Amino acid sequence: MFALIDCNSFYASCEQAFNPALRSRPVVVLSNNDGCVIARSKAAKALGVPMAAPYFQIKKLCERHNVAVCSSNYELYGDISRRVMSILADFSTESEVYSIDEMFLNFSGFDLLGVEAHALKIVQTVWQWAWIPVCVGIGPTKTLAKVANAAAKKQSKNGVFILQDQDTIKKHLAKTPIEDVWGIGRRTAEKLLQLGVKTAGDFTLLDARLVRQQFGVVYERTLRELQGVACLKLEDIEAKKNICSSRSFSRPVTELAEMEQAVTLYMTRAAEKLRAQDSYAQAVMTFIQTNRFKPLKPQHYAGKVVSLVSASQDTCVLIKAAIEGLRQGFKLGFQYQKAGVMLLDLIQNNERQFDLFTPAPDQKRETLMKTIDNLNNRFGRHTAFFGSAGLKHDWQMRCNHLSKRYTTQWDELPTCH
DNA sequence: TCTGGGGTCCTAGGACCC
DNA sequence: TCTGGGGTCCTAGGACCC
């Protein structure tokens, strides 16, 4: 058996956990640059605020109903996530962090009563220790645990839903729309609909060979998982194969000098992530684009890859390469709306190759990077930074409704009176 | 005025090897 | 009429996830 634990309206719940005044109000959290809605508390959903709606389209609705609007505060959400995950991991010998707000647990070896009691204990403990509401879905496969979790959110009173015996599973899948199944996206749902498959139950009646032939092996696995045959196991966290950092600007940017500052900042962040998983990049891509929502303005997209002579995790080397790529792609006369960098072809330390002509790794540089990371971890991001990032960033993304980083910054700790 | 930011896996097809 | 049988590596594009 597998359990999937999913935090309810995670970002909105994080905001409510630290700000009691928000608990009695509907809450929405906006994407970076205060662009779209990416999380809604239960009350905000009930008001009809749609997921992914651009904020400017629902601003009036929010004002009318006294909805609390929050900018994304990923430093807070990331830290709360780590706390929740560490609580959850203690409820099984085997776990998988699936996303910032979801964890799979191995739940084998319980009888039905034991399963339910254990799941209830999870809901209660996370609420008591982290002030985050969660739901638990349980099933014989990961895909069925996902289905069960959705049911826990929708129809259970205590936050737990168990899909165990064949009969219950069959009845429940017959009520589950096919597009709600994990792994079935919009495109595939449309194709399935043409075959007359409307529900997960219909899907389980299809022939596995036909599904493999027409849709591919991924969907055959989904089929078998729904039929109760576990094809997916819990996964370990592996090093990322690509690392990306990108942001939209708060206003159009036309000057190369400002773009260079942005690219420096983004690469600084990407390089931190790279070193945090102790990888090395062999190539760097820089991309820039104009505002695709303004088709009447001149449009330009450029993504330039620069290969490195030898794999590196040195921010200076990576920034240089990123700026080189930027200069290749940048054109005067366009209003750029977004820029980003990607670290590509990542390898681990023991996979690095050296040759006679490239300089040996520089111990001093490695120590310097470690020191910078330590400083920034301890005293807050951007304590030590690179000169090419510049000092004034009025193009930086909007975040007009930002809450405090209550758990990760000394000067933003909550105070009690 | 205003529209996010990350990732993964699989497949098909081309180019090449013996 | 008719032209083998086995591989690998790489890339682009599609589809999906949160």
Side-chain angles (χ1 to χ4, degrees), chain A residues 4-7 9-11 28-39 50-60 62 69-74 77-78 81 85 96-104 142-143 146 149-150 178-192 211-222 231-232 235-252 262 266 269-270 273-274 277 282-283 285 287 289-295 297 303 305 335 337-346 396-401:
Chain A
L4 175 68
I5 298 95
D6 188 320
C7 302
S9 314
F10 181 54
Y11 299 164
V28 301
V29 178
L30 303 178
S31 63
N32 274 333
N33 217 26
D34 290 346
C36 301
V37 174
I38 53 168
M51 190 61 175
Y55 176 51
F56 69 91
Q57 288 176 4
I58 53 137
K59 198 172 170 189
K60 287 234 167 71
C62 291
V69 176
C70 303
S71 302
S72 292
N73 185 346
Y74 288 107
Y77 311 151
S81 170
M85 296 304 166
E96 171 191 342
V97 176
Y98 176 66
S99 76
I100 192 164
D101 72 330
E102 287 170 87
M103 177 175 261
F104 282 107
K142 287 173 93 175
T143 306
K146 271 276 201 183
N149 189 281
I178 185 65
E179 65 269 21
D180 289 357
V181 173
W182 184 42
I184 307 283
R186 198 170 47 86
R187 295 297 173 94
T188 308
E190 276 167 24
K191 273 165 76 181
L192 283 169
V211 170
R212 178 167 200 143
Q213 194 195 343
Q214 291 204 10
F215 297 89
V217 66
V218 180
Y219 299 88
E220 186 192 359
R221 275 201 288 258
T222 299
C231 304
L232 304 171
E235 307 268 352
D236 295 326
I237 296 179
E238 305 228 334
K240 301 250 186 282
K241 295 167 183 168
N242 298 299
I243 289 174
C244 177
S245 174
S246 71
R247 294 285 180 276
S248 298
F249 304 129
S250 59
R251 58 161 170 83
Y266 303 162
R269 181 71 196 118
K273 294 189 212 169
L274 182 72
Q277 64 168 41
Q282 302 185 94
M285 181 169 90
F287 64 90
Q289 67 186 46
T290 48
N291 191 340
R292 64 201 162 91
F293 291 102
K294 292 185 174 164
K297 298 226 166 142
V305 176
Q335 299 193 334
Q337 185 242 351
K338 182 175 184 175
V341 297
M342 287 182 81
L343 298 170
L344 307 170
D345 304 335
L346 305 191
Q396 263 189 335
M397 65 180 183
R398 275 182 298 273
C399 41
N400 296 329
H401 314 278

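Computed from a predicted model, the values in this text were never measured in an experiment. First the proteins, then the strands, lettered A, B, ... as listed; each starts at 1.
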For this session: Could you pull out all residues at least two apart from A:S248 that satisfy side chain to side chain donor-acceptor pair (under 3.5 Å)?
Result: none
Checking all strands, does [X] fall into the base, sugar-phosphate, or nothing category for heavy-atom contacts under 4.0 angstrom?
X      : answer
A:V29  : nothing
A:T188 : sugar-phosphate
A:K59  : nothing
A:K273 : sugar-phosphate
A:I184 : sugar-phosphate
A:Y219 : sugar-phosphate

Exercise. Of all residues at least two apart in sequence or in a different chain, which pass the ring pair (Phe, Tyr, Trp, His ring centres under 6.0 Å) check with A:F10?
Worked result: none
Exercise. Quick one: what's the B/S/- string for nucleotides 10-16 of chain B, heavy-atom cutoff under 4.0 Å, read 5' to 3'?
Worked result: SS-----
For this session: Go through DNA chain B and write down every stem, that is, every run of at least three consecutive Watson-Crick or G-U wobble pairs with distances under 3.5 Å, as range with range.
Result: B:5-18 with C:5-18
Once side-chain contact (heavy atoms from CB on, under 4.5 Å) is applied, do any residues pair with [X], and if so which ones, sequence neighbours excluded?
X      : answer
A:K294 : A:N291, A:K297
A:F56  : A:P54
A:S71  : A:D34, A:C399, A:H401, A:L402
A:V97  : A:M85, A:M103, A:I237

Exercise. Using 30° and 60° as the class limits, which term best fits the ring planes of A:Y98 and A:W182: parallel, tilted or perpendicular?
Worked result: perpendicular
Which residues satisfy the salt bridge (charged side-chain N to carboxylate O under 4.0 Å, His left out) test with [X], sequence neighbours excluded?
X      : answer
A:E190 : A:R186
A:R212 : A:E220
A:R269 : A:E272

Sort me out a list of protein N/O and nucleotides 2-5 of chain B N/O pairs below 3.5 Å, or just none if empty.
| from | atom 1 | to | atom 2 | distance (Å) |
| --- | --- | --- | --- | --- |
| B:dC2 | OP1 | A:K294 | NZ | 2.4 |
| B:dC2 | OP2 | A:K294 | NZ | 3.0 |
| B:dG4 | O4' | A:S31 | OG | 2.8 |
| B:dG5 | OP1 | A:S248 | N | 2.6 |
| B:dG5 | OP2 | A:S248 | OG | 3.0 |
| B:dG5 | OP2 | A:K338 | NZ | 3.1 |
| B:dG5 | O3' | A:R247 | NH1 | 3.3 |

